[in-house]
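Order of appearance sets the numbers: ligands from 1, and atoms from 1 within every ligand.
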Amino acid sequence: MKKWVYLFEEGYREIPAERRRDLLGGKGAGLAEMAGAGLPVPPGFTITTEACNAYFAAGRQFPEGLWEQVLEALHRVEEKVGRRFGDPQNPLLVSVRSGAKFSMPGMMDTVLNVGLTDETVKGLIAQTGDERFAYDAYRRLIQMFGRIVKGIPGERFEHILDRYKAKTKGKQDTDLTAEMLRDIVEEFKALYRKELEEEFPQDPLEQLRQAIRAVFDSWFGKRAVDYRNFYKIPHDLGTACNVQTMVFGNMGFDSATGVAFTRNPATGEKELYGEYLPNAQGEDVVAGIRTPLKITKKASQEWAREHGISEEERRLRYPSLEERMPETYQQFLEVAALLERHYRDVQDLEFTIERGRLWMLQTRTGKRTAKAAVKIAVDMVHEGLITKEEAVMRVEPEQINQLLLPRFDEKAKERAREKGDLLARGLNASPGAATGHAVFDADTAEAWGRDGRPVILVRPETTPDDVHGMIAARGILTQRGGATSHAAVVARGLGKPAVVGCEALQIDLERKQFSVNGRVIREGDFISIDGSTGEVFAGQIPTIDPNLAEERELAELLAWADEFRRLQVWANADYPRDARKAREFGAEGIGLARTEHMFFEADRLPYVRQMILNAPEAQRLMDQLRAAQQAAQARPDDPKAQKALREAERAVRTSKAVKAYRKALDRLLPVQRKDFEGLFEAMDGLPVIIRLIDPPMHEFLPRYEELLAEVVELRTRIEERRKIKGYRPRKGEKSIRQMEEELAEKEALLRAVNALREMNPMLGLRGIRLGILYPDIIRLQVRAILEAACNVKRRGITPKPEIMIPLSADVKELQIVREIVDEVAREVMAREGVEIEYKFGTMIEVPRAALLAAEIAQVAEFFSFGTNDLTQTVWAISRDDAEGKFLLRYLEEKIVPENPFQVLDRKGVGRLMRMAVEEGRRTRPDLEVGICGEHGGDPSSIEFCHEIGLNYVSASPYRVPVARLAAAQAALKERAARIETR
Ligand code: PEP
Ligand code: MG
C-alpha cells in the first residue's frame, strides 16, 4: 500500500532531505524538520503532493488507502496530545492548510479550528473556562469553512458580523461579547443552511474530509493557476496538505503569540529580534490592533527610552518576554539558535505559548535589508556556519549598490521629518541622497554647478535637452513620469539620485518655484531628495558618502567574490575623479572613456564648434590639395598639374576655414592631452580604453530652430528700425550697422548648422564616419593620447592606452583609421623619444560589425560591445523615443520580458554577441573582448557575458562592486551546474 500520509517526525525520518519539499511541500518539510530536530511543534501530519495528484487523476476522488491513513495518523496525534477529535469533553482541534513546494503566498487555502461542533464547543468551554473564546473559535470555523470549502461569498458573513459590531461601543471584533458570539454562531449556521440547503456538518470527521478536499481543489483554483503561470511554476507539482493540532495563544495571561528573527533583519546584528502579544492570537499581531511588546529585555528598554517611558512603568505595563516568562524565553532562545544552525541562515519564526508551553508554528528564511544581508553572510562565514562561496551567493548584487551610494544621516533625516520638512513623496527612481539649491532649468543648473554650487534640478519632466543640466546637478526631481521616464533612466545612467513622478509638486517655471501643501520653494532654496525612498525635503540634510574601506564587511565579501570570478570588472569613466572612485571600488581598468564629454565643457565648446563649422570647407580644400599633389607627383613634367598644385596650395594657405579649423584643433590638443594624463595617472598600470569622438556633430552646435528664431527676430527688428525716419540708437543700443553685422554672422552660422542637419542623426554622420571624413580630428585625439602617455611615463607612471573606434561596420573603415593612428603614434613616439605600447580596437555596436567579426578582428586587437547602440540597431528601436513611451506597453503586454536597454536581450542581441566572440577569436585567438554598454553593470547581463567568455565587463563606477559580485555568482553557478551534470 502506497504511503500517502506522514506524521511530521516520520517525514523527517523516512524521506530523504532532498525529496522532502517535493513530497511534503515547503511548509510540511519545515514542520517535519522542526519535529525531527525535537522541537516543540504541535503534533500533526502531512498528506503528500502525490496524494493530491492521485486525487486529480482519479477525477477528484481520494486515492485508495488515503482516508484510512488519515484516520490512523489522527489517532496517533490524539494519543500524543491526550485529546480526542470530536470528544465533547476534551476535544482536539486541528488546522488544515495547503503547502506547495514553492511558496505561493495567499494563493491557497487554510481552514482553522476544524473539529468544533455544537457538542465539542462545550468541551472547549470546559477546557478553557472561556466561553467568549470558544464561540469566537466556532464562528471563525463556520465562516472559513463556508467560504473556502463551500464557496459562500465572504461578505455575507461579514455583514452579520458588522451588524453585531455596530451594537458595541468600540465597533471592533474584540468588543463582541460571549452572548453576541453565540448568537453570531447561530446566524452563521442559518446563513450556511440557506446558501447550501444543508446543515453545517456536525460530524468532525466530515469537516476534516471536506477541508482536505478543499485544500486539494485550491491547487487548481483560478488564483493559484494564474500565479503559477506568471512565475512559471509547473502545474503538475500538486500541493501537500498539513493537518495540525491547534494551539491557542489567547488562553489567558500565561499564553502569548509572537514572531521573531534569529538576527536583527535591519542591521544584521547577532541578537534575537522580535515581538509578542500576551493573551492573543497570531492574527492580532499581524492586524496591529494592540502594541506588541519586545521579546528581549534590552530591546524593551531601548523602546521605552525612545518613547519616554520610565523603567518602572515599562516593567509594569510593557514587560519583555524575557522578564515575563523567563523559562519559556530561555527555551525559545535555544530553539531559535538550533533552527538557525540547522538551516544555516537567519530564520523568521512564528510561535505560540499556550498556558506557559512553547509551540513553534513556522520557520522560514528571514528577509533582510542589504546591510544586514552582507553582515550576516560575512559573520556566518566567521562563525563557521557557511562557506565563502555560500556567502557570496547569498547577497543580491543589486542590493549592495545601495550600500555605497551617498545617503542621508538618519538622525538628521529624522529631525527634518519631525520639523515638518518632509514636503512630498515621489517614485524612488534612482537611489542615493542629494542636497542642493533648487533650480528650474538645465542652463542654470550647469552655470551654478560650474561655480561649484550644489544644485538639484527640478523639472515637470526632463528631455534630452536637459542632460547637460542633469550632469551638473547633484540630483533630479520631476513632477511627472515613471520608473522608465527620461529622468529616471538618465539619472540611473549617471548614478545620480532621482525622485520622479512627484505629483504633489506644483511647478511654476515662469516664476522659478514650486509649491507643495502651501509651502513655496524658490530658485536657490535648499532642498534634499532621497532617491532610495522617494522622499523630498525642504532644507539641507547632511549626506554621508560611504567608502568601501569603511564598509568592512562588504569589502571582505567582495574580496571573496574576487577569488571566484573569471570576468574582470572595468569601469566607464570620463574624468579622473570617476576613475579614482572606480579604482577605489575595485575596477581593473577603464572600459570606456567617452572623449566627447570633455568637449561639452564650457571652456572647450567654442573651439569644438569652430572645429566643426569649418571642418567641411577646410577638409574639402585639403583633400583637393592632396589630389593635386598626387597628380603633380605622377606627372612631374605636366605644367598643368604643376599649376593646379600651386593653386591648391594657395587656396589652402589663404583659406579662412582652414586657418580657423587648424587653430581650433591646436587649441583642443593641450586640453585633451591634460584630460588623458589625468586618466592615465588615476589608472597607473591598468588599461584605459579611450574612445575617439562618436556623437553626431549637431550635438555640439546651437539648435537649428533656436538659431532660426533668433535670425528672424533680428531681421524684423532691423526692418522696424529702418522704417523710423532719422532713427538714432539710444545709449547702449546697437546701431543698424552693428545689427546687420550680427545678422550676417548668425545667418552664416545658420547655413552651416543647416548643412549639418540630418534626418536621422543617430544613423548619420557619427562614429568612425567622422574620422573617415575628417581625419584631422582623429589625428588630434590620437596625438593627445600618445603625448599624454609619453608625459606620464616620463613621470614614472605606466600608461596602458587602448584606442577604440566607435560605430564601425566594415574592416576597411578600420584599416583606414588604423593607418592614421599608427602613423601619428610613430611620429609622436619618435619625437618624444618614448616607447608606448598601445592597442587598437573597435566597439561592436552595429549588427554588421558583429556579423563580420572574423574580418574585423584582422585589424582590431580588441572588441567592446556597445550594447546601448547594438540594442537600438538590432531592434530598430530608438531608445529616447521608446523608453517611457511605447516600450512600456511592450512590457505590459509581455512582448519583452524586461526592458532590453537594461537587461540584455540574450535571444537577439546576445546571439549576435556570442557569434562575434567566437568568430573574432577564430581570427585572433588572443582577442580581448568586453562590454561597455549599460548592461555591463546589470547582474543578469553579466551572467550572460560570463557564459559567452568575455574578458571583462565595464560598468559605471558605482556599479563596479555590483559587477564584482555578479561576476562571482555567475562563475559559482556555472561550477554548480557542472557538478550537477557530472
Ligand atoms: C553603446 O552604444 O553601448 C555605448 C557604450 O556607446 P554610447 O552609449 O556612448 O553610444
Ligand atoms: Mg554607442
Side-chain angles (χ1 to χ4, degrees), residues 464 467-468 470-471 486 489-495 569-575 578 582 587 589-600 688-700 760-771 781 802-809 813 841-850 860 862-883 899-905 908-910 912-913 916 929-938 941-942 944-945 950 952-957 959-960 963:
V467 171
H468 61 292
M470 299 171 81
I471 291 172
H486 179 269
V489 171
V490 173
R492 282 197 294 271
L494 294 170
V569 177
W570 298 14
N572 291 2
D574 304 338
Y575 301 97
D578 297 341
I590 288 183
L592 174 62
R594 292 177 166 105
T595 47
E596 62 271 10
H597 277 180
M598 299 161 171
F599 284 169
F600 280 112
V688 176
I689 297 189
I690 296 171
R691 179 177 77 183
L692 303 189
I693 188 167
D694 179 34
M697 300 262 193
H698 75 95
E699 286 193 14
F700 300 104
N760 290 308
M762 295 313 282
L763 302 178
L765 180 56
R766 56 170 286 217
I768 193 170
R769 300 158 201 167
L770 284 167
Q781 292 198 296
E802 303 194 7
I803 296 169
M804 179 157 76
I805 309 302
L807 215 79
S808 53
E813 292 172 313
T842 181
M843 297 194 67
I844 303 288
E845 52 183 344
V846 303
R848 196 173 189 280
F862 66 88
F863 286 177
S864 176
F865 288 105
T867 43
N868 302 337
D869 273 309
L870 193 58
T871 304
Q872 295 203 91
T873 48
V874 165
W875 276 89
I877 283 180
S878 141
R879 181 175 188 174
D880 288 337
D881 296 311
E883 270 183 337
N899 178 349
F901 293 104
Q902 284 169 3
V903 178
L904 193 82
D905 156 36
V909 177
L912 273 177
M913 289 170 67
V929 191
I931 179 174
C932 65
E934 262 176 56
H935 304 88
D938 165 64
S941 314
I942 291 170
F944 181 76
C945 291
L950 297 200
Y952 67 87
V953 295
S954 188
S956 72
R959 293 197 71 84
V960 164

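Nearest N/O/S atom of Asp869 with respect to the Mg ion (ligand 2) is recorded as OD2. With respect to the Mg ion (ligand 2), Glu845 has OE1 as its nearest N, O or S atom.
Taking the six-membered ring where tryptophan is involved, the planes of Phe700 and Phe599 are perpendicular, since the angle between them exceeds 60° and thus also 30°.
In this structure, atom 9 (O) of ligand 1 lies nearest to the protein heavy atom Arg594 NE, 2.8 Å. Annotation: atom 10 (O) of ligand 1 to nearest protein heavy atom, Asp869 OD2, 2.9 Å.
Partner Ile803 forms a side-chain contact (heavy atoms from CB on, under 4.5 Å) with one of Ile689, Ile690, Leu692 and no other, that one being Leu692. Looking at Glu596, Gln781, Glu802 one by one, the single match for side-chain hydrogen bond (donor to acceptor under 3.5 Å, both in side chains) with Arg691 turns out to be Glu596.
No hydrogens or angles considered: a donor-acceptor pair under 3.5 Å links the side chains of Ser954 and Asn572.
A salt bridge links Asp694 with Arg766; the closest basic N to acidic carboxylate O contact falls under 4.0 Å. A salt bridge between Arg959 and Glu934 is absent, with no side-chain N of the basic residue lying under 4.0 Å from a carboxylate O of the acidic one.
Of all heavy-atom pairs spanning Ala860 and Gly841, the tightest one is CB-CA, 4.1 Å. Looking at every heavy atom in both residues, Pro847 comes nearest to Thr873 through CD-OG1, 3.3 Å.
Using a 4.0 Å heavy-atom cutoff, Arg691 is listed among the residues neighbouring ligand 1.
For ligand 1 and Leu592, the ligand atoms under 4.0 Å from any heavy atom of the residue are 5 (C). Distances below 4.0 Å separate heavy atoms of Cys932 from the following atoms of ligand 1: 5 (C). Less than 4.0 angstrom separates some heavy atom of Asn868 from each of these atoms of ligand 1: 1 (C), 2 (O), 3 (O), 4 (C), 5 (C), 8 (O). Interface atoms of ligand 1 facing Gly866, defined by a heavy-atom separation under 4.0 Å, are 1 (C), 2 (O), 3 (O).
Residue Glu596 has no N or O atom closer than 3.5 Å to an N or O atom of ligand 1.
Distances from atom 4 (C) of ligand 1 to the heavy atoms of Arg879, Gln872, Met843 put Met843 nearest.
For Glu934, no heavy-atom contact with ligand 1 is shorter than 4.0 Å.
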